[in-house]
Number of protein chains: 2
Amino acid sequence: MNITIYDVAREANVSMATVSRVVNGNPNVKPTTRKKVQATIERLGYRPNAVARGLASKKTTTVGAIIPDISSIFFSELARGIEDIARMYKYNIILSNSDQNKENELKLINTMYEKQVDGILFMGGTITEDHINQFNTANVPVVLASTYDDTQSIAAVNIDYEAAAYEATKHLLESGDKHPAFVSGTLETTVDQYKYNGYKRALEEASITLNEDLIVKGDYSYESGLDAVKQLAELGKLPSAIFVAADEMALGVIHGVQDSGLKVPEDVQVFGFDNTRLATMVRPTLSTVVQPMYDIGAVAMRLLTKYMNKEEVTEKNVTLPHRIEVRDSTL
Amino acid sequence: MNITIYDVAREANVSMATVSRVVNGNPNVKPTTRKKVQATIERLGYRPNAVARGLASKKTTTVGAIIPDISSIFFSELARGIEDIARMYKYNIILSNSDQNKENELKLINTMYEKQVDGILFMGGTITEDHINQFNTANVPVVLASTYDDTQSIAAVNIDYEAAAYEATKHLLESGDKHPAFVSGTLETTVDQYKYNGYKRALEEASITLNEDLIVKGDYSYESGLDAVKQLAELGKLPSAIFVAADEMALGVIHGVQDSGLKVPEDVQVFGFDNTRLATMVRPTLSTVVQPMYDIGAVAMRLLTKYMNKEEVTEKNVTLPHRIEVRDSTL
DNA sequence: TTGAAAGCGCTAACAG
DNA sequence: CTGTTAGCGCTTTCAA
């Protein structure tokens, strides 16, 4: 049997209410009694039961984090930002992988609600009406991280993916390239679409007619970067510049190019996206879009705490700054 | 106000107990009543409150995972294994980063216990007596993953790090190398010590006198791999083979060697450890020790479920198989 | 500054 | 097969 608040109360000759007060730092306790209670808490090794507390107070100090894949170098960095800030505000994280599968996502949201989380941090591909409906089945704040809700009804923290992709493409264009290729993600997510739009805008602005052959779909993996190069090679000759929607995939592209006997950046320039740690773990080092993953997680969590505390939120949609980092994979 | 089991009972003209039974799949319910109850659950959108359930049943179906750093490519893979199996057994994971800081670890164990987790999955550097004492403040099963407890009192899932390091070193020796260097971790953790011991044993067995200058401490980061090469270069000439205690650090070593104008493996062979995805994301691809991170997490979680269900456990200390994967960074 | 008492929503005997 | 009834350990009025 565990020590309960009742045991402490009895041993300290006070009421449960008083023990509760000292445990929760309520100032309305005479210093003497506080001392006395603290001493017997210490002596008995009393540890408050958070579940009981949660039931009584309707607050669990736990937030749910739904993430596509924690083993991804991108999302694990985001998760770290989330957890650090959560800790700072005394929240714990229930972490679940969704694999960006809608059914999983919906189920996970439900599970989180059953567990009575005080808030949800959601990362995913696409926010559908079903998602929104599911979110609305409970009165719990939700913040999206690196994820868009087209209806703008849910708070979110992102960078401007369209602008970032535009700038990356433009950088390639300014180096004199005629028509950079684009290795995209699956294009099924909103973020993918934005990146694609940015790429297109840069080409349009330079009066370049889009060549669909130069757009290859990948799945963000290293392998798919390798594959993308093969696919582009089938056009007869590799394009002299390739913009890749994620760093890991970009490493695949770099190695694919090198494996085919060509040089980066002399023969083929490669531009990445995210600035994960991988970007400096390759030769030549990868020019890329700097996306502050950790900060996105941290800011999203901070925003969520504001909602959970019912603080006033001035900015529901936060756009964090990004920038271009030029390294050795481009001219 | 939320729908409670009481509301469902009233609307369905049954008792709370019956509703509880159908929610929990208890077979002692007449099919007709079950249907009726299920219908009104559906109609009212009733969602069981896991916190109340946890208080009443003393089971939360939640396990705590204490991990050094979720943003590490190694641990995030482990975490994925943990979560997948947890999901399979209907458990949720509370995930916290410890940064391998003892004080954090002890505090986190306490927090997990406050939250009434049904079990703990612990990953860390060193298990001290304080850890064991802390674990013993609650009657909750604990399993270590990729972490050793020298007293063998806690269940654990590992590979044989000593043997793995021995084999890796031996492989280098058999390629004709006189005295491979060793880039270790901080040597403060038990796993580090085992790797070191394996390295030493291979040298001893080959009657090679250990040269302390050829042992460089790193911190498992890419940067520290780069640094290690610099440090070794100060000896006048780089050794012709380097065994590195982790893949990410090994990439640093490879690039350090290449940046200095030498070739891998012709001038310097490099051997890694872990077989993270990074091993194939470098040129030349990295020869390394295959450690099944995902499986370690998965098996550890599975083991924990056995303890939580009070199933009989035959093997308290699980050693998963490892192997050597020879790629292009060695001759 | 303190205590009494009523729940929070559910499970788990126990009785029928 | 179903209902009654205690709690689970804590917070939170409300009174004193």
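Below, chains carry the letters A, B, ... as their sequence lines are ordered, and counting in each starts from 1.
- The nearest heavy atom of DNA chain D to B:L55 and to B:N13 marks one nucleotide each, and the one closer to the 5' end goes with B:N13.
- Across all strands, A:N28 comes closer than 4.0 Å to base atoms (heavy-atom distances).
- Nearest nucleotide to the side chain of B:P48, out of D:dT11, C:dA4, C:dC10: C:dC10.
- Between the CG atom of A:D7 and the P atom of D:dG9 there is a distance of 9 Å, given to the nearest Å.
- In the model, A:D84 has a side-chain atom that pairs as donor or acceptor with a side-chain atom of A:Y294 under 3.5 Å.
- Distance NZ (A:K115) to P (C:dC10): 14 Å, rounded to an integer number of Å.
- Straight-line distance from the CZ atom of A:R10 to the P atom of D:dG9: 13 Å, rounded to whole Å.
- Not one side-chain nitrogen or oxygen of A:K58 sits closer than 4.0 Å to the OP1 or OP2 atom of D:dC10.
- A donor atom on one side chain and an acceptor atom on the other are not found under 3.5 Å apart for A:R21 and A:N28.
- Atom CE in A:M16 sits roughly 14 Å away from atom C1' in C:dT2 (whole-Å rounding).
- Atom pair A:N26:CG and C:dT2:P shows a separation of 10 Å (rounding to whole Å applied).
- Here B:R53 does not reach the OP1 or OP2 of C:dG9: none of its side-chain N or O atoms lies under 4.0 Å away.
- Distance A:K59 NZ to D:dT12 C1': 14 Å, rounded to the nearest Å.
- Here the side chain of B:A56 is nearest to one of C:dG7, C:dC10, D:dG3, namely C:dC10.
- The two atoms that bring B:A79 and B:I70 nearest to each other are CB-CD1, 3.6 Å, heavy atoms only.
- Taking the side chain of A:N49 as heavy atoms from C-beta on, and the options D:dG9, D:dT4, C:dC10, the nearest nucleotide is D:dG9.
- With hydrogens and angles left out, the side chain of B:R21 and the base of D:dG3 share a donor-acceptor pair within 3.5 Å.
- Separating the CD1 atom of A:I5 from the C1' atom of C:dA4 is a distance of 14 Å, rounded to the nearest angstrom.
- Close to C:dT11, at under 4.0 Å from its OP1 or OP2, lies no side-chain N or O of B:Y6.
- As a whole-Å value, the separation of A:K35 NZ from C:dT1 C1' is 16 Å.
- Here D:dG3 is the nucleotide among C:dG3, C:dC8, D:dG3 with the atom lying nearest to any side-chain atom of B:T18.
- Between A:N24 and D:dT11, a side-chain N or O to OP1/OP2 separation shorter than 4.0 Å is present.
- Of all nucleotides listed (C:dA4, D:dG3, D:dG9), C:dA4 comes nearest to the side chain of A:S15.
- In this structure, a donor-acceptor pair under 3.5 Å is absent between the side chains of A:R43 and A:T40.
- A sub-4.0 Å separation between OP1 or OP2 of D:dC8 and a side-chain N or O of B:S57 is absent.
- Counted within 6.0 Å of CG on B:N133, heavy atoms from surrounding residues, nucleotides or ligands total more than 12; the atom is thus considered enclosed.
- A:T61 and B:K115 share a donor-acceptor pair across their side chains, judged by distance under 3.5 Å alone.
- The residue A:V14 sits close only to the backbone: its heavy atoms come under 4.0 Å of sugar-phosphate atoms, none of a base.
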